[in-house]
Each structure stands twice: as structure tokens, then as C-alpha cells.
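We're numbering straight along the sequence, starting at 1.
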Amino acid sequence: MVHQQRSQARLSPSSDTEDIVPLLAPRLAYFAGVARTEHVTRAAQEMDVPQSTLSRAMVRLEQDLGVDLFARIGRTVSLTPAGRTFLVSVERALAEIERAADEVRADADPATGKVAFGFLHTMGSETVPGLIRAFRADHPRVRFSLVQNYGEAMIERLRAGELDLCLTSPVPDAPDLVARRLDEQKLRLVVPADHPLAGRKRVRLAEAADEVFVTLEPGYGLRRITDDLCQEAGFRPRIAFEGEEAETLRGLVAAGLGVALLPPPAFPRPGVSELTVTAPRAVREIGVAWLDGHPDTPPVAAFKKFLLSRRGSLLP
């Protein structure tokens, strides 16, 4: 039986995809079921839908496409060439939808779900591994997608939906975010081992007013804090080098290329001396942030609760 393209087609071949997708999408699984069984009644039984509903759906699908997908002989149906072509893509699309559904369900599973967690580079060697180890004592199978970056970049990824939570500094203040202060970290003035200040334990930041500084690039929270502290101490720092990672800056200091305000290292670095800054008070606040109004999956909610419980004891 040969069928020609229907003259009563509702959509032309030039119709926008945005127009046709809402029409076709609800019927694709029905179409695949009928194509698989080649029998409307049997397909209706397998999919647990009324036969009349299935029959109407197939008629509407053909009308929307303007193409006969089935040749009908009694109660049985067989795919036309157009139907076979359509079925290949429909099965691929349905498989992709099923894969995506399985993935989001798995990520939301309370026991084995996933948390997308961002944090500062300076917390990657010790703080974050310790946090995750402690959390997984009670949630051993929760998975993590970890992102190290500077504060502004993490906030952008948080807003884009790529992160569930981020550990950052300074603690952000924005109407679309929720942020909670968790801890604070003392900053030190790091100088070369042969520097005149190297024999001291404490220093006022104003004593470094004539020094050349090495700092993180603009946009990093620690750079903003450095600029603010120097301004509070009465001077504007002279910047010789800008980098992207705190330990690289320590290396530059060890090479005699400047001084830096940095958090404590995970491990002692030879070639430098680290001085407590007595004035102004040199600290950076560490906080956790998330997007306001977005519901948490169970694993994200559990990890958020865990982080908030570490308020005041976040840092090793």
C-alpha cells in the first residue's frame, strides 16, 4: 500500500523547530511502542494506555508531520519508509532522554548522589580534602565534582547552575545569593629569608609601605583584601608581579622579587619568612555561598548542613 504525503499537513517543512517540538514530543514514545509491536492494541496493552488514546495520538502525529508513518492493514500496522527513517531518530532521542533522566535521578540520590563544589585554590591541598573525608564518614558513597577557582569565577559558575555550593573569600553579598561566614584565616606578610624584616615575628603593615609586592591578579578575593589592607595602613602597594596561585607568589618572594600578603601555607616553604601582621588586623573571611531560591538535592542539602556545622572550625 503506497501512501502519499498528506495534503492536510498542519506544519510545513519550513516550520520552526520551536513550533513542532511541543507538538511531537508527547507522542514519540507512543510512536516507538506502536512501531515496535506493529499492533496498536498490543502496544496499548504494553504501555497501559487506552487503545483509542494511542490511535488518536498516531493520527495526530501523522497530521502534524504531514507524512504517513504507518501502512494500516486491518488491526496491524507496518512502518512506511518515512516511518522507518523517523523511528531511528525517535529511538535515539528517547534513549538520550532516558539516559538524562537516569543521570539526574542518580545525582539526586540521597546515598550516592553528587555535589558540585567549588573552592579557592588555597584550600585545595588540605582544607577541602579534610572536609570531604569527614563528611564521607557518614555519607561514604556521595560523589563530588570539584572545581578550584578564584572567587568571582566561582560565583559566575554558581549563577550558571554549574556549582551547588562554593567556599570563597570574601564572603559575597548579593541579592541572588545566600552566603554564610564559616571562619577566618590570618594573613601573613611573607618576605625573603634574607630580608631586613626576616628576623622579626611581628610587623605593622605600614612598615612594608616602601616594599615591592607580588600579588594575585585583579578579580581574586585575596588581591582585593591586599589592596584594602594596604590602603588601611596608609599606602598603595607597588605591584611588581601578578599571579594566579598563592604558592607561585611564595616562590617569587623566595627569589627576592617582592613581598606578599598570603594565608599560611600547607607546608613550610624554604627561602621565606612569614610575619604576623599586628596592624591593621590582617584576616580573610571564608564563607559558603549558594544560589538563593534553588532547591537542594538530598546530597547537596546534607553537605551544606555539614559545612554550616563547621562554623568556627573549618580550617585545619
Side-chain angles (χ1 to χ4, degrees), residues 113-158 162-173 177-190 215-217 219-226 229 243-251 253 260-270 272 274-277 281-291 296 299-316:
K114 185 175 74 173
V115 179
F117 182 44
F119 52 92
L120 300 168
H121 288 95
T122 50
M123 299 190 166
S125 61
E126 193 171 358
T127 300
V128 168
L131 287 172
I132 293 176
R133 181 179 64 245
F135 174 74
R136 294 191 76 189
D138 293 324
H139 305 82
R141 294 191 293 161
V142 167
R143 297 169 290 123
F144 282 84
S145 173
L146 301 177
V147 175
Q148 288 179 271
N149 217 320
Y150 65 97
E152 290 185 6
M154 284 194 296
I155 297 302
E156 289 178 8
R157 297 187 70 165
L158 199 64
E162 298 173 11
L163 292 176
D164 298 310
L165 303 165
C166 70
L167 208 57
T168 187
S169 176
V171 181
D173 181 13
L177 300 177
V178 180
R180 297 287 182 267
R181 181 186 181 278
L182 297 179
D183 215 335
E184 67 177 27
Q185 188 175 46
K186 291 183 178 180
L187 301 179
R188 301 170 176 176
L189 182 68
V190 185
T215 71
L216 296 178
E217 295 177 348
Y220 284 71
L222 188 56
R223 170 60 180 274
R224 193 189 324 162
I225 293 170
T226 296
L229 287 172
E244 296 180 345
E245 205 274 324
E247 288 310 302
T248 300
L249 298 186
R250 268 193 175 81
V253 173
L261 274 172
L262 296 173
F267 305 99
R269 174 72 186 246
V272 301
E274 309 215 359
L275 314 178
T276 299
V277 178
R281 188 169 183 266
V283 298
R284 67 170 180 171
E285 292 187 333
I286 308 297
V288 61
W290 61 89
L291 207 55
D296 294 329
V300 171
F303 189 58
K304 181 190 294 184
K305 182 179 179 180
F306 167 80
L307 289 176
L308 294 174
S309 75
R310 301 292 290 245
R311 187 180 285 114
S313 61
L314 180 79
L315 304 174

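Side-chain contact check for M154 versus L120: some heavy-atom pair is nearer than 4.5 Å. Y220 is listed as a side-chain neighbour of E244, based on a closest heavy-atom distance under 4.5 Å. Put simply, the side chain of V288 does not reach to within 4.5 Å of the side chain of K304, judged on heavy atoms. Taking 4.5 Å as the limit, some side-chain heavy atom of S145 sits within range of a side-chain heavy atom of K114. Residues L131 and L167 meet the side-chain proximity criterion, which asks for heavy atoms closer than 4.5 Å. Side-chain contact between F303 and L165 is present, with heavy atoms from C-beta onward closer than 4.5 Å. Looking at F306 and R136, their side chains never come closer than 4.5 Å, going by heavy atoms from C-beta outward.
A distance of 8.5 Å separates CG of L182 from CD1 of I286, quoted to the nearest 0.5 Å. Atoms CD1 and CZ, on I132 and R143 in that order, are 13.5 Å from each other to the nearest 0.5 Å. Between atom NZ of residue K186 and atom CZ of residue R281 there is a gap of 8.0 Å, rounded to the nearest 0.5 Å. One distance of note links CH2 of W290 with CG of D164; it measures 12.0 Å at 0.5 Å rounding. Rounding to the nearest 0.5 angstrom, the gap separating the CD atom in Q185 from the CE atom in M123 is 5.5 Å. With rounding to the nearest 0.5 Å, the separation of OH in Y150 from CD in E156 is 6.0 Å.
The shortest heavy-atom contact between P263 and R250 is O-NH2, 2.5 Å. Between N149 and H121 the shortest heavy-atom distance is CA-CE1, 3.5 Å. Of all the heavy atoms in L216 and E245, the pair that sits closest is CD2-N, 3.5 Å. A289 approaches P172 most closely through the heavy-atom pair CB-CG, 3.8 Å. Residues R188 and P265 share a closest heavy-atom pair of NH1-CD, 4.0 Å. Nearest heavy atoms, I155 versus C166: CD1-SG, 4.0 Å.
Below 30°, between 30° and 60°, or above 60°: for F117 and F119 the angle between ring planes is between 30° and 60°, a tilted geometry.
Under the side chain to side chain contact (heavy atoms under 4.5 Å, CB included) test applied with L262, the options L189, L187, V190 reduce to a single match, V190.
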Item to check | Full working for side-chain contact (heavy atoms from CB on, under 4.5 Å) between S169 and I225 | outcome: CA-CA 9 Å; S169 176; I225 293 170; 3.9 Å; yes

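R284 places no side-chain N or O within 3.5 Å of a backbone atom of P170 that could act as its donor or acceptor partner.
Checked for salt-bridge contact, R223 and E152 miss the test: no charged N lies under 4.0 Å from a carboxylate O.
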